[in-house]
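These notes concern the structure reproduced below.
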Amino acid sequence: MYYILALLFFLFPTMSHSQENKTREIDNVNYASVIMYHRFGDSRYPSTNIKKEQFLDHIKELLKSKYNVVDINDALQAIKNIRLIKDKSVVITIDDAYSSVYNYAWPIFKKYNLPFTLFVSTDVIDNKTPGYMSWEEIRILRDHGVTIGSQTKSHPHMYKINKQKIINELTISNQRFIDEIGSKPKIFAYPYGEYNLEVLEQVKLQGFTAAFGQHSGVAHRSLGLYELPRFAMNEKYGGMDRFLLAVNALPMPVSDISPRDPVVSKNPPSYGFTLSELIEPKNAVKCFANNGLKTETNRLGKNRIEVRLSGPFLKGRGRINCTMAGKNNRWRWLGRQFIIK
């Protein structure tokens with residue numbers, strides 16, 4: 001599906017000078033594209049690795065003046081409508097604190113003064129697991145302005161564990177952060193992007209101000225502060241075609257998403273949402289599912305979108321991505337990840 005979107009993107013003619021000026025006039029927005037990385041230059045794990053040449057191409061693109069790479073806290077201020085940011089703002093996040101973050105990616109970010117956020121699960125650091133960073137290295141990043149976020153104690157499939165274990169994962173890791181870097185993180189990333197409504201509620205109760213999944217889309221308030229999306233970049237889905245789509249994407253503000261809980265017992269789920277009245281122009285919505293499943297996308301009335309699949313998701317995680325053509329050859333993008341019991 002990404003290749004279909006990429007083809008559509010490149011089939012549009014190059015923007016004229018006047019169109020570029022119109023694009024630049026879109027300012028003071030309340031959304032951002034959030035990019036997610038894991039490993040750098042470690043081809044043993046292609047599903048979580050970005051090739052060095054891919055990463056350097058991403059950095060080269062982000063250094064262009066039309067983009068605004070911002071700290072995650074500034075993006076969250078905008079998402080909360082407290083202090084807005086420029087259009088085409090991009091947030092960089094990295095999960096799991098692998099050694100290649102410190103040894104390879106960090107010097108590049110430092111060279112170009114690009115802010116990023118590192119999400120850490122504390123057990124692998126405490127256990128000095130080979131291939132992961134150390135607490136001393138994490139402190140160095142913190143001292144250079146890197147935002148440190150939490151990804152629990154042991155990086156479990158959180159929807160599979162009971163309430164008390166969820167609480168333990170959050171509170172014990174928070175204490176380890178206090179012990180090692182002097183404070184507990186305010187921002188959370190769900191391991192594997194997996195959560196149910198109980199996990200979400202406990203993340204709120206532990207004082208986190210926002211939480212991120214691994215479903216694609218533009219981070220915007222309508223999705224809720226505890227279900228914010230990120231565009232995952234890896235060897236397969238880290239080419240420049242998809243990267244350009246991600247960093248130039250627009251939000252698809254919606255409400256009344258169903259099913260509300262991403263952990264579903266009905267497979268395939270009957271997925272639906274209501275488009276915001278503010279979306280202009282009101283173009284067609286096209287949705288795509290993984291596992292080669294065909295989708296039927298129907299608009300009910302003016303703004304209600306209902307998506308039905310040709311068959312069930314495989315056991316584990318299923319995804320549906322919905323897009324809509326926006327202004328200036330850009331795409332609105334809304335992703336949802338489902339967990340099949």
Side-chain angles (χ1 to χ4, degrees), residues 1-5 34 36 47 156-163 166 188-204 211-232 236-237 246 249 251-276 279 283-324 331-341:
M1 62 184 168
Y2 297 122
Y3 297 107
I4 294 172
L5 289 173
V34 184
M36 177 183 68
S47 66
H157 297 275
M158 293 188 76
Y159 74 96
K160 293 183 177 181
I161 60 180
N162 63 37
K163 179 180 176 179
I166 294 169
F188 186 80
Y190 300 106
Y192 312 103
E194 297 174 345
Y195 59 94
N196 57 20
L197 296 183
E198 178 65 53
V199 172
L200 188 153
E201 183 62 24
Q202 293 305 321
V203 169
K204 283 184 183 180
F212 291 83
Q214 293 186 18
H215 50 295
S216 57
V218 177
H220 182 268
R221 182 62 181 262
S222 78
L223 300 173
L225 291 172
Y226 295 87
E227 296 183 85
L228 293 171
R230 296 184 289 170
F231 289 100
K236 185 175 181 180
Y237 297 118
M252 191 185 296
V254 299
S255 60
D256 303 319
I257 294 176
S258 63
R260 186 68 193 88
D261 196 325
V263 178
V264 295
S265 54
K266 178 184 176 182
N267 185 21
S270 295
Y271 177 47
F273 52 86
T274 300
L275 297 170
S276 168
I279 292 179
N283 292 320
V285 175
K286 299 293 184 181
C287 297
F288 310 86
N290 66 340
N291 301 140
L293 293 173
K294 294 181 180 180
T295 62
E296 180 181 333
T297 306
N298 297 304
R299 189 187 291 258
L300 306 182
K302 187 178 179 182
N303 292 317
R304 184 66 185 176
I305 303 296
E306 291 289 337
V307 184
R308 299 296 180 265
L309 303 184
S310 61
F313 284 118
L314 300 178
K315 184 179 179 181
R317 298 190 291 271
R319 291 184 174 87
I320 299 177
N321 288 325
C322 296
T323 62
M324 172 194 285
W331 289 93
R332 296 188 183 276
W333 194 315
L334 174 70
R336 187 75 169 167
Q337 175 174 272
F338 298 97
I339 303 165
I340 311 305
K341 288 185 178 180

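Everything numeric here is computed off the predicted structure, so don't read it as measured data. For this chain, numbers begin at 1 and follow the sequence in order.
Checked against Phe231 for a ring pair (Phe, Tyr, Trp, His ring centres under 6.0 Å), the options Trp333, Trp331, Tyr237 give a single hit: Trp333.
Interatomic distance, CD of Gln214 versus OH of Tyr192, reported as 10.0 Å (0.5 Å rounding). Atom CG of Leu197 sits about 14.5 Å away from atom OH of Tyr159, to the nearest 0.5 Å. Between Lys236 atom NZ and Ser47 atom OG the span is 10.5 Å, to the nearest 0.5 Å. With rounding to the nearest 0.5 Å, the separation of CE in Met324 from CG in Leu334 is 10.0 Å. Between the CG atom of Asn267 and the CD1 atom of Ile339 there is a distance of 12.5 Å, given to the nearest 0.5 Å. In this structure, the separation between CZ on Arg299 and CG on Leu275 is 5.5 Å, given to the nearest 0.5 Å.
Minimum interatomic distance between Pro229 and Val34 (heavy atoms only, all atoms of both residues): O-CB, 3.8 Å. The nearest pair of heavy atoms linking Arg304 to Asp256 is NH1-O, 2.8 Å. The shortest heavy-atom contact between Tyr195 and Asp261 is O-OD1, 4.4 Å. Across Met158 and Val199, no two heavy atoms sit closer than the pair O-CG2, 3.6 Å. Contact between Arg336 and Pro259 at its shortest, heavy atoms only, is NH2-O, 3.5 Å. Contact record, Val218 with Ala249: CG2-CB, 3.5 Å, taken as the closest heavy-atom pair.
Proximity of His157 to Pro191: side-chain heavy atoms (C-beta onward) are nowhere separated by under 4.5 Å. Under the 4.5 Å side-chain criterion, counting only non-hydrogen atoms from C-beta, Lys286 is not in contact with Thr297. At least one side-chain heavy atom of Arg319 sits under 4.5 Å from a side-chain heavy atom of Gln337.
Here the side chain of Tyr190 pairs no donor or acceptor atom with the backbone of Leu200 at under 3.5 angstrom. Within the 3.5 Å criterion, the main-chain N or O of Gly213 finds a donor-acceptor partner in the side chain of Arg230. Under the 3.5 Å distance criterion, the side-chain polar atoms of Thr274 are left unmatched by any main-chain donor or acceptor of Asn303. Formation of a donor-acceptor pair under 3.5 Å by the Asn291 side chain with backbone atoms of Leu293 is not found in this model.
With sequence neighbours left out, the side-chain contact (heavy atoms from CB on, under 4.5 Å) criterion links Pro268 to Leu309, Pro312. With sequence neighbours excluded, the residues that form a ring-ring contact (aromatic ring centres under 6.0 Å, His included) with Phe338 are Tyr271. In this structure Phe212 satisfies the ring-ring contact (aromatic ring centres under 6.0 Å, His included) test with no other residue, sequence neighbours excluded.
The residues Lys163 and Glu201 are annotated as not salt-bridged, no charged nitrogen and carboxylate oxygen being separated by less than 4.0 angstrom.
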